[in-house]
Structures are given as C-alpha cells and as structure tokens.
Amino acid sequence: MAERIDGRARAAEVLEGVKARAAAFSAAKGRLPGLAIVLVGEHPASLSYIRSKEQAAGRAGLYSETHRLPATVAEDALRRFVGRLGEDERLDGILVQLPLPDALRQEEVLAALPPEKDVDGFTTLNQGRLLAGERGLRPCTPLGVIDLLRWHGVRLDGAEVVVIGRSRTVGRPLALMLLEEHASVTVLHSHSQSLSDDVRRADVVIAAAGQAGIVRREMVREGAVVIDVGINRIGGKLVGDVAPDVAEVASAMTPVPGGVGPMTVAMLMANTVEACTWRS
Ligand code: GUN
C-alpha cells in the first residue's frame, strides 16, 4: 500500500517558514508583507479557494485584502483596478483568481499585473523567465509539487517523470521545473495516442488533466510515486485524477483532498514573502 504524501503537513511547515520570514521583514521594514486577492464573479470553486488563501495569509502573518468585483465588470475597468493595486506600496503580491467570466480576456487582464507582484507566476514575463531559467515568480502548483517530491525524498535527477496535462498553470511550467531538476520528462495530453505505455515506464507520475480516474491501476508501475493534481467534483465529492486503487501499486501517493491543494496555497504565501524581499 502506498505511503501517503501528506500535503497538509508539509504546507503547515512551509507556512511556519513564511511566518518567520514575514516577522523578520516586518521588524526590519515596519510593515507586513501584503497580498491582494481579486475575485471576479461568484465561481463556486473560486470562492472556496480564495477562502483558503485568506486563511493561509492570516496563519502566515501576512496582510491580505480581498476585492470582489461583479461578473459584469468591464475588462478595461478591471485592468485599471488591477493596475491601481499594482501601485499600492502596501501590496507585494496580487492574484487574480481564475477562471475569469467568459467576457473577460485572461491575457489582457493578467497583462495589467506588475510582474514583480505576480505571485501566481502567470504573466508572460514570469513564464518567459521560467523558460529561460532565470529568477522570477513561478506558478504555485508546480512549485508545490516539486517541494512535495523533495520533501518525500524522491530522487528526480535522471528519473523518468510523466506529466499528464499541458495547461499553462500546471503541466507546462511543471515540465520545465522538472527539467531543471534533471528529470527525463514526458508530457501527455488529450491528443496523446496512448497514455498507458508512457505511464508504465515512469518512476514518477503526475496527473494534472482534470479528468477523474484518468490514471488507472494497471497503467502504473509497481513502486512508482504518484502525484495527483486533479480536483474534480463528482456527486458533491472531491476526487482527483488518479483512481483510488492505484495506491495498491504505488510506493507513495498524494491524497485528494489534502495533497497538492494545500501546497498551492502555501507556495502562494512563500511567493508573497519572496516578492516583498525582492522589492525592498
Ligand atoms: N484557479 C485555479 N487555480 C488557481 C491558481 O493557482 N491561481 C489562480 N489565480 N487561480 C486559480
């Protein structure tokens, strides 16, 4: 039976570290690191995510403020709003919760964020820095996945890692970060001919497709490490992308909930203290 990789426990440790850094910053500079959360509309999952982010900011001793804008806000007005937050000296990090309502273009809205406050790492500049291997703010979910693997003592150097999913927020940046760790990376996605052969070879399988049960037991090699990034709501229940019986063959696996999710939130707080340290 797979060992459980406890994302809640690791996230609590990360938040303790953030809290110490935030306290040191505050003692030196006379203000707390600040985070602004922008939510447009009432997407139910987003409401729950921003609540977790507000709570984590409080636990880590950060200043945070949440701005809720109606789904009918004009793109221009939203860009100006985000731009004003960008100029606010009390704020070190700004995140615009995604997805945005259909009428708003994500690229245009994110472009209004100053890259040095882009704690989600979603702006074009920060994504380019990641590609170039330069220092910058990096997306939180991939940061959380890499941290969990390291914490669990998984060797990535030379490892065969399969990432399922090629999203701009998870799959693609994660593949780049795994390359930096010297892993051999295969990215699979909805147009891939077959998942099974590639997944069966993998030492580490990372599922970020947003499709419940896409990783099945017979696909996974005995002893592989399995990281489940999926969050799917099925009949009012949260399930990941990995079938539960994969735990019978994996050596270690993250649960859903309680795996990668809390790590995304913890890494957002880590990025916020990182951003405030760089800015000052
Ligand atoms: N929506 C789902 N995940 C995320 C995330 O990590 N950041 C933001 N801003 N929106 C999201």
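Order of listing sets the numbers, starting from 1, for every ligand and every atom in it.
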Judged by non-hydrogen atoms, does Q106 sit under 4.0 Å from ligand 1? no
Between [X] and [Y], is there a side-chain N and carboxylate O pair less than 4.0 Å apart?
{"X": "D92", "Y": "R279", "answer": "yes"}
{"X": "R201", "Y": "D197", "answer": "no"}
{"X": "E89", "Y": "R31", "answer": "no"}
{"X": "D203", "Y": "R155", "answer": "no"}
{"X": "E54", "Y": "R51", "answer": "no"}
{"X": "D88", "Y": "R90", "answer": "yes"}

Atoms of ligand 1 less than 4.0 Å from [X] heavy atoms?
{"X": "K53", "value": "5 (C), 7 (N), 8 (C)"}
{"X": "L98", "value": "1 (N), 2 (C), 8 (C), 9 (N), 10 (N), 11 (C)"}
{"X": "L95", "value": "9 (N)"}

Tell me whether S46 contacts the main-chain N or O of E42 through its side chain, where contact means a donor paired with an acceptor under 3.5 Å. no
Mode of L268 contact toward ligand 1 - side chain, backbone, both, neither (heavy atoms, under 4.0 Å): neither
N/O of [X] under 3.5 Å from N/O of ligand 1, yes or no?
{"X": "T264", "result": "no"}
{"X": "P99", "result": "no"}
{"X": "T141", "result": "no"}

Among all protein heavy atoms in this structure, tell me which lies nearest to atom 11 (C) of ligand 1, with the distance rounded to 0.1 Å. Q97 NE2, 3.2 Å
Top protein contact for atom 9 (N) of ligand 1, by heavy-atom distance: D120 OD2, 2.6 Å
